[in-house]
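Working notes, beginning with the structure itself.
From a predicted model like this one, the values you see are computed outputs, not experimental measurements. Atom set for the values below is all heavy atoms of this structure, side chains included, hydrogens, waters and symmetry mates excluded.
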Amino acid sequence: MKRSLIALAILALSAGTAVAAPGDPRVVQGTLEWPASLAAEPFIAMRGEDGRVYYVDVSAAQRRVPGALTAGSRVAVLGVEGTRPHEMAALVLGAGDAASLGLTAPNAAPAPGGAAEPVWRLDGTVQSVSGSTITLRTADGKTHNVEASQLSDATLRALHSGDRVSLFGVPQPDRRLVANGYIQVADPPPPAASPR
């Protein structure tokens, strides 16, 4: 798991914010603006070092926080960009800067035992949600059953047949995906009518 987060962070650090798009990995650090004291809230508002306010879904995030976080605390988030540049779905939330996420720099040596595990991304349309299994149909017409037990119950309840999503996770030896992050993809707006 840690290796997969390192790989995702390396992708995020190398991608930069100028070229990020929905579903792209991101690392943002800054200060917590809301809530006043973080407990079980499903999302946070944070001000990044770039001065922007980010709305971050932390409901399924691994929290690397030694104690309570209060407004004004330094925080760092590793996640994926949502449909708008100021929206994110967090995979990891840490107190302090990006080092608190347990990430290494892009030029650092690989973790002992070899290279970092790959992180898979699967884009598609939800066919069904049964327990902790999401059945997803991809653009090529194939159907995939994705283990989603690492996502929150609230997230699983919010997914419905027909929703377009991107699921992220580490592949297992049997080539199945265990999702530990997701974003919901908004449908594009309808085209504007042409003037007559």
Side-chain angles (χ1 to χ4, degrees), residues 1-28 41-44 54-63 77-93 101 115-194:
M1 177 68 179
K2 184 175 180 180
R3 289 184 195 142
S4 65
L5 295 174
I6 291 169
L8 187 59
I10 289 170
L11 289 171
L13 293 170
S14 63
T17 56
V19 295
D24 283 352
R26 299 280 306 271
V27 174
V28 176
E41 287 78 9
F43 74 95
I44 63 169
Y54 293 88
Y55 299 95
V56 185
D57 177 353
V58 295
S59 60
Q62 179 184 48
R63 297 187 184 199
V77 173
L78 166 65
V80 291
E81 185 171 311
T83 55
R84 297 184 178 107
H86 63 276
E87 297 174 344
M88 289 180 64
L91 298 174
V92 183
L93 170 69
L101 301 173
E117 295 172 357
V119 174
W120 279 1
R121 172 181 171 175
L122 189 62
D123 302 320
T125 303
V126 174
Q127 300 300 296
S128 66
V129 179
S130 177
S132 63
T133 301
I134 300 171
T135 302
L136 201 66
R137 182 178 304 272
T138 53
D140 61 6
K142 293 182 180 175
T143 301
H144 303 267
N145 290 322
V146 179
E147 170 61 43
S149 60
Q150 294 183 21
L151 300 179
S152 71
D153 290 340
T155 297
L156 292 172
R157 283 193 304 270
L159 292 175
H160 303 288
S161 180
D163 288 348
R164 292 180 37 226
V165 298
S166 294
L167 298 172
F168 299 85
V170 177
Q172 301 303 301
D174 61 1
R175 307 284 298 160
R176 80 188 154 87
L177 176 66
V178 175
N180 57 15
Y182 95 105
I183 59 168
Q184 191 159 354
V185 180
D187 290 322
S194 53

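Applying the salt bridge (Lys or Arg N to Asp or Glu O under 4.0 Å) criterion to R63, with sequence neighbours excluded, gives no partner residue. Looking at residues two or more places apart in sequence or on another chain, you find no ring-ring contact (aromatic ring centres under 6.0 Å, His included) involving H144. With sequence neighbours left out, the side-chain contact (heavy atoms from CB on, under 4.5 Å) criterion links F43 to W34. Listed by chain and number, the residues in a side-chain contact (heavy atoms from CB on, under 4.5 Å) with P85 are R52, E81 (sequence neighbours excluded). Shown here are the side chain to side chain donor-acceptor pair (under 3.5 Å) partners of T125, two or more places apart in sequence or in another chain: there are none.
Taking each heavy atom of V27 and L78 in turn, the nearest pair found is CG2-CD1, 3.7 Å. In terms of heavy atoms, A90 sits closest to V58 at CB-CG1, 4.1 Å.
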Show every donor-acceptor pair shorter than 3.5 Å between a side-chain atom in residues 134-141 and any protein atom, with sequence neighbours excluded, or say none if there are none.
| unit_1 | atom_1 | unit_2 | atom_2 | d |
| --- | --- | --- | --- | --- |
| T135 | OG1 | S128 | OG | 3.4 |
| T135 | OG1 | N145 | OD1 | 2.8 |
| R137 | NH1 | G141 | O | 3.0 |
| T138 | OG1 | D140 | OD1 | 2.4 |
| T138 | OG1 | K142 | O | 3.3 |
| D140 | OD1 | K142 | N | 3.0 |

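Summarising the geometry, atom CD belonging to Q127 is positioned 11.0 Å from atom CG belonging to D163; distances are rounded to the nearest 0.5 Å. Atom-to-atom distance recorded for M88:CE and D57:CG is 10.5 Å, nearest 0.5 angstrom.
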